[in-house]
Amino acid sequence: MSKDSVFYMVIAFVVIAIVGFADAVYLTASHYLGGVPTCTVIEGCDEVALSEYATIGPVPVALMGVLFYTLMLVAGVAWLDIRKAAVFYYLPFVTVPAFFFSLWLVYLMFFVIEALCIFCLVSAGTTTLLMILSFFLHARAKAETV
Amino acid sequence: MSKRFALWGGLVVGLAAVTLVMFRMADDESAAPETTAAGAGNSVNEEILEPRQDDWIKGNPDAGVIVVKYSDFQCPACRFYASMDDRLSEELGDDVLFVYRHFPLRNFEHSRLASRYAEAAGRQDAFWEMHDLIYINQQQWSRGDAESIFRQFADSIELDMDQLDEDLQDPELSDRIEADYEDGQELGVRSVPSLFINGEAVENPRSLDDYRDLIISYQ
C-alpha cells in the first residue's frame, strides 16, 4: 500500500465519518426535539425513531452513533496530524462491533418494527464502509509496526 | 504547529457547525409537520369536514368538539392515535365526537384490504369492533397472512361470513374508501394520521395529555 493510497483512504474514511456524524446528529436532534409521529406518503414512518428500540435505557441509539462517528473522526484527524498508521491499529475493535450492532438495528427495522427509516439506513451504510476501510488501515498499521 | 492547529481546530469547528445545522433542520421539521392542510378553512373543505351520514363516528353527534381523523390501518403511528382516541372518548364522553376516515397509503401492502374488511364489518354494525381488532393486532397481520387474520377477526366477532364475502366484493365498498382518500387529498393530507378539529387542521399532539388539552381547548 503506497503512502498516497493510505492518504486517500484516510480522506475517504474522514468524509464517510462526517456523513455518518451529520446523520446521527440529525437523528439525535429529532429524538430530543421530538417530531410528530406520522407516516407520510413518501418517507414512510417516524415509528422507528419512536419505537422501544430507539433507546437503550435512557440513551438514544442515535447518540451512540454520534460518539462512534466522533471517535472515527478523531482517529482520522490524528493520522492526518502525526501520519502514523498506529492510530488505526485498534480501529476494527470498534468498527466491527458497531457494524454488527448496525446490522441488528437494520434487522429490527425491517422485520420487527417494519417501518423504513432512511436516516437509519444511511448510518448502517456509513458504518459498513468505515468497517471495510478500517480493515485496510489496520493492516497498514500492522505492516508499519513490523 | 499551525497545521496541527488547523486540523484539530477544523475538526472541532466542523463538528460544531454540522451539529448546529442538523439541529436546525430537525427543529424546522418538527415545527412544520406535513399534516398542515393548507386548504383547510375554505368552504369546500368545511363541507368535507362536516360529519356525514355514512361516517364512522364514536361519541356524541351533538358534541361541541368534532375530531375528524384521516388514518391508515397499517400505519404504526395511526395505531398509537387509535388507542389515544379510545382513551379520550372514554374520558371525555359526550363532549367529543371522533370521526374515522380512510386514508390508506400506497406504501403499505395491506392498508386497503384492512379498510375493506372494516367497511364490510361496518355493514354488519361492527366497524369499531373490527377497527379495534385491526389496530390492536397490527403488528401480527402486517407481516403475516393479513387476509386470513382479518377473517379470523370477523369470525371472532361473529359476523355473517357469507354476507361479509358478498360485501367485500361490492365495488361500492372500495368506492367509499376511495372517496375518503380523495377528500383527504383535497384537504391537503400528506401524512397519517391527519387530524382536523372543528374544521381546522391541527398539528398532531405528541402525547395523550397534549391531545386531551388540545380537544379541551376547543370546548
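The shown structure was predicted, so the numbers you read here are calculated from the model rather than taken from an experiment.
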B:Met22 and A:Ala29: which non-hydrogen atoms are nearest, and at how many Å?
O-CB, 4.2 Å
Tell me the closest heavy-atom pair linking B:Arg4 and A:Ile82, and the distance in Å.
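What the structure gives for the nearest pair is NH2-CG2, 3.6 Å.
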[X] atom [atom1], neighbour heavy-atom count above 12 within 6.0 Å:
X        : atom1 : answer
B:Arg87  : CZ    : no
A:Phe135 : CZ    : yes
B:Glu91  : CD    : yes

Given B:Leu11, which of A:Val74, A:Leu80, A:Thr70 fulfils the side-chain contact (heavy atoms from CB on, under 4.5 Å) condition?
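In the set A:Val74, A:Leu80, A:Thr70, the residue that makes a side-chain contact (heavy atoms from CB on, under 4.5 Å) with B:Leu11 is A:Val74.
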Is it the backbone or the side chain of A:Ala24 that comes under 4.5 Å from a heavy atom of chain B, or both, or neither?
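For A:Ala24, there is no contact with chain B at all, as no heavy atom is under 4.5 Å.
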Just so I know, are the side chains of A:Tyr26 and B:Val21 near enough to count as touching, which here means a heavy-atom distance under 4.5 Å?
no
With respect to chain A, which residue among B:Asp72, B:Leu15, B:Val18 yields the maximal number of heavy-atom pairs within a distance under 4.5 Å?
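Maximum pair count with chain A is reached by B:Leu15.
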